[in-house]
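Encoded as structure tokens, the structure appears first; notes follow it.
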Amino acid sequence: MGESVLEDAFRHHVWATLQIIDASQALPQQQVQTTAPGTYGSILDTLRHLVAADARYLFILSGGEVAPIDASEMGLPQLRAQMTLHGGSWAAVLVRDLDPAAVMGRVRADGSETQAPVSIRLAQALHHGTDHRSQICTALTGLGVEPPAIDVWDFGASDNRVVEIPPR
């Protein structure tokens, strides 16, 4: 990336999702099917939903250059590989001269449509990922598993761009 003020936001989005997938891969298969009250569904189903939705956001924002995916049967390794590809796709989208006010539409299989400006679509992609990663962290905590540290400060610290300096 390197050209967009949103670079770190989307790099974090991909990184944090990969951290959650990696933590989920360490679980026994039965635990990947765990749900928590008030969340989307099982850990696996939530990850499938998150990655597939991410591909749809990219499909719209890339003008169709990134294909939507059917993640309904994907396992964690396939979801990880797909999300890794999204990192480069987000980079390619963000370096474009995007008009934040340009309205883009999404037509669903049932014929319904959502019209929204680019700025709202970008914000939704980030919010959607954060919301579902949080739900998975809730499910992990319910299993007695410490969720990975995935906030933006952790992301910045992971490549030494956030440095804590203790008092003198």
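Everything numeric here is computed off the predicted structure, so don't read it as measured data.
Interatomic distance, CD of Gln135 versus OG of Ser42, reported as 11.5 Å (0.5 Å rounding). Between the OH atom in Tyr57 and the CZ atom in Arg106 there is a gap of 7.5 Å [rounded to 0.5 Å]. Separation of atoms OG1 (Thr84) and CG (Leu79) is listed at 10.5 Å; rounding is to 0.5 Å. Between the CG atom of Leu50 and the OG1 atom of Thr130 there is a distance of 9.0 Å, given to the nearest 0.5 Å. With rounding to the nearest 0.5 angstrom, the CD1 atom of Ile69 is 4.0 Å from the CE atom of Met74. Here the CD atom belonging to Gln78 is positioned 12.5 Å from the CG atom belonging to Leu47, to the nearest 0.5 angstrom.
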Expected list for residues 142-153: side-chain donor-acceptor pairs under 3.5 angstrom, two or more places apart:
from: Asp151; atom 1: OD1; to: Trp153; atom 2: N; distance (Å): 3.0
from: Asp151; atom 1: OD1; to: Asp154; atom 2: N; distance (Å): 2.8

Sequence neighbours excluded and cut-off under 3.5 Å, please list the side-chain donor-acceptor pairs for residues 160-167, or say none.
from: Arg161; atom 1: NE; to: Asp159; atom 2: OD1; distance (Å): 3.1
from: Arg161; atom 1: NE; to: Asp159; atom 2: OD2; distance (Å): 3.0
from: Arg161; atom 1: NH1; to: Asp8; atom 2: OD1; distance (Å): 3.1
from: Arg161; atom 1: NH1; to: Asp8; atom 2: OD2; distance (Å): 3.0
from: Arg161; atom 1: NH2; to: Asp8; atom 2: OD1; distance (Å): 2.8

Q: Take Thr17 and Arg133 through the test side-chain hydrogen bond (donor to acceptor under 3.5 Å, both in side chains) and record every step on the way to the result.
A: CA-CA 7 Å; Thr17 302; Arg133 287 188 300 269; 2.9 Å; yes
Q: Quick one: do Met83 and His13 satisfy side-chain contact (heavy atoms from CB on, under 4.5 Å)? Show the steps, please.
A: CA-CA 10 Å; Met83 197 65 196; His13 167 68; 3.6 Å; yes
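For the pair Arg108 and Thr114, the minimum side-chain heavy-atom distance is below 4.5 Å. Side-chain contact check for Leu122 versus Leu126: every heavy-atom pair is 4.5 Å or farther apart. Between His86 and Leu58 there is a side-chain heavy-atom pair separated by less than 4.5 Å. With a 4.5 Å cut-off on side-chain heavy atoms, Ser24 and Leu44 do not count as touching. Using a 4.5 Å cut-off on side-chain heavy atoms (C-beta onward), Pro77 and Gln25 make contact. In this structure, the side chains of Asp54 and Trp90 come closer than 4.5 Å at one or more pairs of heavy atoms.
Residue pairs that meet the salt bridge (Lys or Arg N to Asp or Glu O under 4.0 Å) test with at least one member in residues 82-95, sequence neighbours left out, do not exist here. Residue pairs meeting the salt bridge (Lys or Arg N to Asp or Glu O under 4.0 Å) criterion with at least one partner in residues 83-96, sequence neighbours excluded, are Glu65-Arg96. The salt bridge (Lys or Arg N to Asp or Glu O under 4.0 Å) contacts involving residues 19-33 comprise Asp22-Arg80, where partners must be two or more places apart or lie in separate chains.
Under the 3.5 Å distance criterion, the side-chain polar atoms of Arg56 are left unmatched by any main-chain donor or acceptor of Pro68. A donor-acceptor contact shorter than 3.5 Å is absent between the side chain of Gln33 and the backbone of Gln30. Looking only at distances, no side-chain donor or acceptor of Arg121 sits under 3.5 Å from a matching main-chain atom of Leu61.
Hydrophobic cluster membership is shared by Val118 and Leu6, with clusters built from Ile, Leu, Val, Met, Phe, Trp and Tyr side chains linked at under 4.5 angstrom. When the side chains of ILVMFWY residues are joined at heavy-atom separations under 4.5 Å, either directly or via intervening members, Leu27 and Leu18 end up in a single hydrophobic cluster. Put simply, Leu98 and Val5 are part of the same group of oily side chains (I, L, V, M, F, W, Y) that touch within less than 4.5 Å, one to the next.
Listed here is the closest heavy atom pair of Ile20 and Cys137: CD1-SG, 3.6 Å. Between Thr138 and Ala36, the shortest heavy-atom contact is CG2-CB, 4.1 Å.
Counting non-hydrogen atoms of neighbouring residues, nucleotides and ligands closer than 6.0 angstrom, the CG atom of Asp97 reaches no more than 12 such neighbours.
With sequence neighbours left out, the ring pair (Phe, Tyr, Trp, His ring centres under 6.0 Å) criterion links Tyr40 to His49, His132.
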